[in-house]
Structures are given as C-alpha cells and as structure tokens.
2 protein chains.
Amino acid sequence: MLQLTMTGEYAVRAMVHLATLPPDTTVQIADIAREWDVPEVFLRKIITQLSRNGLVASYRGKGGGVALGREAGTITLLDVIECMEGPLALNACLTNPGICHRIPFCAVHAVWHEAQIKLREVLTSRTLADLAGHHIEGCQSAVTLDAGILSPTDPL
Amino acid sequence: MLQLTMTGEYAVRAMVHLATLPPDTTVQIADIAREWDVPEVFLRKIITQLSRNGLVASYRGKGGGVALGREAGTITLLDVIECMEGPLALNACLTNPGICHRIPFCAVHAVWHEAQIKLREVLTSRTLADLAGHHIEGCQSAVTLDAGILSPTDPL
DNA sequence: GGTAAATGGGAGTCCTTTTGTCCCATTTGG
DNA sequence: CCAAATGGGACAAAAGGACTCCCATTTACC
C-alpha cells in the first residue's frame, strides 16, 4: 500500500516526543509508550533501530533512558521514516531499474521520479525542532481552549 | 510500505497500452498480459476493476476485448492508481482523523497533508494521453537506436 | 442451435510483511 | 547484590499481496 506503516508512525511519535524535551533530557521508553499509545515492547524494537542509526542516544542500566541522538534541528521527518522503512521508493522501478525493461523510454517512470522528489522535499522541509515547536504551541492552544478563552469552533 | 503495489503497477501498464492505440480500438487482455509481462489471470481481475469504474470499456464474447473507457486526455495517473488502491492516504490519519487524538494540534499531520497534496498534484498532472505520447516517442527513439543511426551511448 | 472465444466473479492458496509478544542477556546506579 | 533500565533473538498471530482455479456469462460465426 502507498501508506506509512505503524512502525514509521510510532517512530515519528517517539522522536517528536523526545524533541519536545529540553536538550539532553532522557526519558524512559515505557513513558513514551504510555503517553503516545504505542505497545511498549514494540516501541523498544523501534527505538533500538533508531539508536543503531544514531537518531537516538540510549543509556542502559538503572536511571537510564533515551534522548535525541542529534540536535533536533538536524533531524528531518524523512530521516526518521527512512530509518525505519528503508530508502523511500514510491515505485519499485525507482530503486531497481532492472525491474522495468522499458526504461529509458518509460514516461511513467519519469512521473514517479518527479513525485518522489516532491515528496522528499516536503519530508525534509521540517526538522524535529519545527515539529516539536508546533507541537508545544498546539498544546498551549489546546490548554487555552480548555480554559474557555477561545471557542472550540475558532480556527487555530 | 510507502510503495505502489503490483496491482497498481500492472493497471498503469495496461492503461498506457490502451492509450497508445487508436481511439476505440479494442485489444484482448491476453495480448496486454503477454506484451507487458503481467500474469494473464491476474490482469483479468485488475481490468475488471478498472472496468467497474469506467476507466476501461469491455466487450464480452467472441471478438470482444477491452478499450479505454474515456478519452485518454481525461484519465490521470491518479485515477488509475486510486481505482486499484483506493483513495490516496500517505498516513492513516489523513483519512481517519479519529485515529490520532492529537489533531488539531499535530504538526506532523500538517506535513503529511502537504505531502499528499504535492503527490496528488504530480499524479494528476499527466494524463494517459501524455504518457502514451511519450511512450510512443520513446519507442521510436529505441527503434532509431536499433537502426544504428544513434550510438547506444547517446543521451536521449 | 452449437461451439469456440472472449470477459466476469467467487473462492481459495501461498507467501511475505506487519505487528506485535516472550524470554533472557546485558548494563548500571545505589 | 539487587533493582531498573535497554538490547536482542526467536517466535506467533493476523493481515495483505499476488496470484490461481473453476465455472458462469456473453457473443460471433458456422
């Protein structure tokens, strides 16, 4: 299917969570799992993978936990997704040219190529810092909503 | 996975094939299957689905076959893909808002929304007429290559 | 009418991927 | 040493993808 998997989705949630914390703060996987509705043991696998690629730093032993592996401003959404799902390939012919023997005269291939470039552009245009910032703002808006200062129907 | 399925890929091949034919020409499914390396029985299922949505017109009985259901210029790549794979949804939260209880303050959701719009733009920017045209040109280039007028290393 | 040639449709098979779980090893602070 | 944390391998259930089989239906032509 042309859709992000739960693995990728969960990874993004975890990374956004980490990005909202003050730099170098560590948090435990169980806490992330609880707050973002992710099965804990599964999230452990996911974070291990992120850790192997340097996107998160993990600390074992009592008092350990995980933190962002690099500065939030240097990690894009695409980084997280490709870490879990492998290189982006909207169509198999984009990574494995041998599959389609009609390249180089396949016009469809060119369209997929263009589509993939556009998708990459969007997915690399926001860093975790951006996403975390908006997330925090959004939460504050929500709190404001709860406080009744804004009507629930007001546009954000 | 974030990738087109074989079902969608085969459907595109078949539609491009139909679009290269003169208007209202019918061809048999077995012929398309043979020429484009698609399992015939499987392609029959795919074309049935395209037929149900009016993208192809099918004629049963001896001497029957299939043809384009509408003018090639009115059918986009997205039409074909969505016919086979359902509505485009890069992330589940785009079609099923209830899944993510953090909307409307989820910044990631907004990114997926933008990415999907861009992807739709590309996939709707080319009709089968465009693709068939380029396909024919490409084939002619290939023929020219075969004739030895151009070197195989010459850029197309 | 009968037969051959074409698409239509339901059911089912096989395989891979996804989405997890279980259990235990390893690390580390107190 | 013990409790608390991550790491890793094996495994399991469920879903989805990629087909096949069998037969029904339609139609042209003799």
Side-chain angles (χ1 to χ4, degrees), chain A residues 1-14 17-18 25-34 36-69 81 83-86 89 91-92 96 99, chain B residues 1-14 17-18 25-34 36-69 81 83-86 89 91-92 96 99:
Chain A
M1 216 187 349
L2 213 45
Q3 187 172 295
L4 188 70
T5 62
M6 294 310 290
T7 308
E9 167 71 19
Y10 291 159
V12 170
R13 291 187 195 177
H17 180 92
L18 292 178
T25 314
T26 73
V27 70
Q28 289 161 23
I29 292 176
D31 292 333
I32 306 178
R34 196 177 325 108
W36 290 85
D37 302 316
V38 180
E40 179 183 334
V41 187
F42 194 33
L43 184 58
R44 201 137 77 215
K45 302 295 182 187
I46 291 169
I47 287 188
T48 298
Q49 174 73 11
L50 292 165
S51 171
R52 269 195 282 259
N53 285 61
L55 293 183
V56 319
S58 71
Y59 305 95
R60 303 175 71 169
K62 192 172 181 178
V66 295
L68 234 43
I81 291 166
C83 179
M84 300 311 302
E85 315 225 346
N91 187 315
N96 193 341
I99 281 183
Chain B
M1 214 191 345
L2 214 44
Q3 188 172 294
L4 187 71
T5 61
M6 294 309 291
T7 307
E9 167 72 18
Y10 290 159
V12 171
R13 292 187 194 176
H17 180 91
L18 291 179
T25 313
T26 74
V27 70
Q28 290 162 22
I29 293 177
D31 292 332
I32 306 177
R34 197 176 325 108
W36 290 86
D37 302 316
V38 181
E40 180 185 332
V41 185
F42 193 32
L43 184 58
R44 202 138 75 212
K45 301 296 184 188
I46 292 169
I47 287 189
T48 298
Q49 174 73 11
L50 292 166
S51 171
R52 270 196 281 260
N53 285 60
L55 294 184
V56 317
S58 71
Y59 305 94
R60 302 176 72 169
K62 191 171 180 181
V66 294
L68 233 45
I81 291 166
C83 178
M84 299 312 300
E85 315 225 347
N91 188 315
N96 193 341
I99 280 183

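All values below come from the heavy atoms of this structure, side chains included, with hydrogens, waters and symmetry mates left out.
Across dG20(C), dC19(D), dG8(C), the shortest atom-to-atom separation from the side chain of Ser51(B) is found for dG8(C). Between dA18(D), dC19(D), dT6(D), one nucleotide has an atom nearer to the side chain of Thr7(B) than all others, and that is dA18(D). The side chain of Lys62(B) has dA4(C) as its nearest neighbour among dG20(C), dT6(D), dA4(C). Closest to the side chain of Phe42(A), out of dG8(C), dA18(D), dG20(C), is dG20(C). With distances taken from any side-chain atom of Thr48(A) to the nucleotides dG7(D), dA6(C), dC19(D), the minimum falls on dG7(D). Taking every side-chain heavy atom of Ile29(B) into account, dT7(C) is the closest of dG9(C), dA4(C), dT7(C). Nearest to the side-chain atoms of Val41(B) among the listed nucleotides dT20(D), dA18(D), dC23(C) stands dT20(D). Looking at the side chain of Thr5(A), the nearest of the listed nucleotides dC19(D), dT19(C), dT7(C) is dT19(C). Of the candidates dA25(C), dC19(D), dC21(D), dA25(C) carries the atom nearest the Arg60(A) side chain, counting heavy atoms from C-beta on.
Between Lys45(A) and Gly63(A), the one whose closest nucleotide on DNA chain D sits nearer the 5' end is Gly63(A).
At the phosphate of dG20(C), OP1 or OP2 sits under 4.0 Å from a side-chain N or O atom of Tyr10(A).
Of the possible donor and acceptor atoms, one in the side chain of Gln49(A) sits under 3.5 Å from a partner among the backbone N and O of Cys83(A).
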